[in-house]
Amino acid sequence: MKILITTDFYLPHITGVTTVVVNEQNMLGQLGHEVRLLTIGKSPASSYTGGVYYMKGSRIQPLRDSQLTFSYRDPLLDDILSWKPDIVHSNNEFITMGWARRISEALNIPLIHTCHTDFTRYDASRRIRHTLWDTMMATIVKRRVRYCNLLISPSLSHSHMLERYHVKQPIVVLPSGIDLEGFQRPVGIEEIASLRASFGFSKEHCILVSVCRLSSEKRVNQSIDDFFLLSFLEPSARLLLVGGGPKEESLKKQVADLGLEGLVVFAGAVPTENVHLYYRISDVFISSSVRESQGLGFVEAMASSLPVVLREDHSLGFSVEDEGCGYICDESHSFVNALAVMVSDKQKRKEMGEKSKQASERFSLACWANSLVSVCETTLDTCGKRNNRGHNHQGGKHAVE
């Protein structure tokens with residue numbers, strides 16, 4: 001197949017969407033498909049290089065990790081139409097979605113779209129806030145995806161948002177794959193000991209790790225409150241917070257107010273290529289988030305052979321308790337008790353960690369890529385295009401409105 005990927009987010013900006021589309025480029029190419037990508041560049045001139053179409057970008061940059069374009073009749077469009085992709089895979093509802101739709105209509109080919117973002121907002125009791133925001137986003141998303149043949153949702157919980165928005169398109173749940181090998185690469189004992197020591201951790205300490213952006217929806221403040229209670233039950237426990245974000249200063253103040261300095265350590269933002277080291281020096285992964293759209297951080301921890309203690313696992317598509325790799329706790333009492341069991345029982349941590357690694361295999365890039373190809377081929381069959389691939393785009397010019 002010839003597959004055109006469209007995305008608002010791409011290298012050098014590192015986002016969750018960037019990671020997914022780069023993985024798609026690489027994995028589908030390895031499976032023998034011809035893959036090209038359309039995104040927005042920084043340059044005021046459009047270009048094509050290395051399988052990537054860069055539309056000319058505007059000097060206006062509303063978001064730090066994406067570009068904006070006002071280009072409507074970009075010269076790259078003729079090149080894309082001449083290439084004649086078989087299917088278009090969009091990854092953002094906004095800027096490049098418009099281009100994806102126009103190309104799909106011009107060539108009369110299917111358009112599938114992956115909705116990466118969970119726009120739902122929750123109140124303090126974790127109930128959905130049916131506010132003007134929710135109504136507005138439902139209207140916008142429905143309108144933007146109305147021309148798609150199929151929607152891909154990265155998790156069951158995320159698909160519930162689309163169902164609540166009453167989108168009419170069929171929805172397929174397909175969790176994004178991750179590079180499991182990157183989290184399973186060998187790390188020397190001395191390197192692990194050195195990194196642990198740099199944070200003031202000894203061999204006797206049990207390290208609980210949270211790897212996430214320090215923002216309100218991750219509820220790291222709740223993890224700190226629960227750790228405060230745990231510290232009285234298990235003095236050997238330590239909490240390592242990996243990541244940066246807008247709540248970092250307020251969380252540091254919370255730690256100081258609770259007298260947890262030295263027990264709770266902030267590692268700050270860590271380069272992507274080094275994240276696996278922080279899982280490897282830890283003993284248990286924890287998260288107080290209740291609204292993960294994909295839960296890829298959970299998978300990274302599991303791939304690193306860590307047991308997990310979570311507030312929800314709906315984003316994973318399976319029960320971590322049924323798989324024997326962790327606990328799900330919907331309130332603080334059970335959360336703290338589960339952590340106390342983990343801290344005090346090294347053998348249980350080891351057994352659950354082994355089961356975590358096994359459970360993570362379903363999120364491998366190879367499994368995900370093969371599933372995505374199957375989705376594309378099924379969509380082509382459904383749309384009646386597969387039998388005519390390579391022959392159904394006859395003619396020299398294509399009308400683009």
Side-chain angles (χ1 to χ4, degrees), residues 14 16 18-31 154-155 174-199 201 203 205-213 240-243 267 269-287 292 294-310 313 315-327 342 345-372:
I14 303 298
T18 302
T19 300
V20 172
V21 297
V22 169
N23 286 337
E24 183 177 353
Q25 274 183 295
N26 295 335
M27 293 305 297
L28 268 57
Q30 291 178 27
L31 291 174
S155 70
L174 178 60
S176 299
I178 68 170
D179 181 11
L180 299 179
E181 294 181 359
F183 296 92
Q184 297 169 354
R185 71 186 72 166
V187 180
I189 296 176
E190 292 183 358
E191 186 174 5
I192 291 176
S194 175
L195 186 55
R196 283 176 69 105
S198 70
F199 293 117
F201 302 146
K203 291 189 296 184
H205 292 146
C206 179
I207 313 305
L208 314 179
V209 66
S210 170
V211 182
C212 66
R213 185 167 183 262
L240 177 61
L241 302 177
V242 181
V270 173
T272 303
E273 62 271 18
N274 293 337
V275 171
H276 71 286
L277 295 173
Y278 293 80
Y279 288 118
R280 297 299 292 274
I281 69 170
S282 304
D283 300 291
V284 182
F285 176 86
I286 70 169
S287 171
E292 294 293 318
Q294 301 193 56
L296 294 184
F298 303 168
V299 180
E300 292 175 355
M302 293 164 64
S304 304
S305 299
L306 291 183
V308 296
V309 180
L310 313 173
D313 62 357
S315 57
L316 294 174
F318 65 90
S319 168
V320 298
E321 291 188 337
D322 290 347
E323 295 286 338
C325 50
Y327 295 104
M342 289 282 91
D345 194 335
K346 185 175 182 179
Q347 182 60 31
K348 182 177 283 292
R349 295 201 304 266
K350 181 179 178 182
E351 293 172 357
M352 284 190 162
E354 292 172 351
K355 293 179 179 178
S356 283
K357 184 176 180 180
Q358 294 172 7
S360 71
E361 292 298 329
R362 69 192 71 187
F363 293 92
S364 70
L365 287 178
C367 289
W368 169 71
N370 282 306
S371 297
L372 181 57

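These numbers come from a predicted model, not from an experiment.
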| message | Let me confirm one number: the CD-CG distance from Glu300 to Leu180, rounded to the nearest 0.5 Å. | response | 9.5 Å
| message | Please find the pair of heavy atoms, one from Met302 and one from Ala359, that lie closest to each other, and give the distance. | response | CE-CB, 3.6 Å
| request: Provide the closest heavy-atom pair for Ser305 versus Lys357 in the form atom of the first, atom of the second, distance. | output: OG-CD, 3.5 Å
| query | Once you round to the nearest 0.5 Å, how far does CD of Glu321 lie from CE of Met352? | reply | 8.0 Å
| message | Among Lys350, Lys203, Arg196, Lys348, which residue satisfies the salt bridge (charged side-chain N to carboxylate O under 4.0 Å, His left out) criterion with Asp283? | response | Arg196
Name every donor-acceptor pair, under 3.5 Å, that has one atom in a side chain of residues 181-195 and the other anywhere in the protein, sequence neighbours excluded.
residue, atom, partner, partner atom, Å
Gln184, NE2, Ala303, O, 3.4
Arg185, NE, Gly182, O, 2.9
Arg185, NH2, Gly182, O, 3.3

| task | I would like to know whether Tyr279 and Val242 meet side-chain contact (heavy atoms from CB on, under 4.5 Å); could you show each step before the answer? | result | CA-CA 10 Å; Tyr279 288 118; Val242 181; over 6 Å; no
| message | Please give me the minimum heavy-atom distance between Ser210 and Cys212, naming the atom from each residue. | response | OG-SG, 3.7 Å
| task | Spell out, as yes or no, whether a donor-acceptor pair under 3.5 Å connects the side chain of Ser356 to the backbone of Leu306. | result | yes
| query | Have Glu354 and Gln358 got a donor and an acceptor in their side chains that come within less than 3.5 Å? | reply | no
| query | Taking only residues two or more places apart in sequence, or in another chain, which ones meet Tyr327 in a side chain to side chain donor-acceptor pair (under 3.5 Å)? | reply | none
| Under the side-chain contact (heavy atoms from CB on, under 4.5 Å) criterion, do Phe199 and Tyr278 qualify, and how do the steps go? | CA-CA 11 Å; Phe199 293 117; Tyr278 293 80; 3.5 Å; yes
| note | Closest non-hydrogen contact found for Leu240 with Ile281 is CD2-CD1, 3.9 Å
| field | Any side-chain heavy-atom pair of Asn23 and Trp368 under 4.5 Å | value | yes
| Minimum-distance pair of heavy atoms, taken over all atoms of Ser176 and Leu296 | O-CD2, 3.6 Å
| Parallel under 30°, tilted from 30 to 60°, perpendicular over 60°: which one fits the rings of His205 and Phe201? | perpendicular
| note | So CZ of Phe298 and SG of Cys325: to nearest 0.5 Å the spacing works out to 12.0 Å
| said: Quick check: closest heavy atoms across Ser282 and Val209, and the distance to 0.1 Å? | reply: OG-CB, 3.2 Å
| message | Rounded to the nearest 0.5 Å, what separates atom OG in Ser304 from atom CZ in Arg280? | response | 7.0 Å
| query | For the atom pair CD1 (Ile286) and CG (Leu241), what is the distance rounded to the nearest 0.5 Å? | reply | 7.5 Å
| said: Run the side chain to side chain donor-acceptor pair (under 3.5 Å) test against Arg213 and tell me which residues pass, sequence neighbours left out. | reply: none
| task | Supply the atom-to-atom distance Asn26 CG to Leu31 CG, rounded to the nearest 0.5 angstrom. | result | 11.0 Å
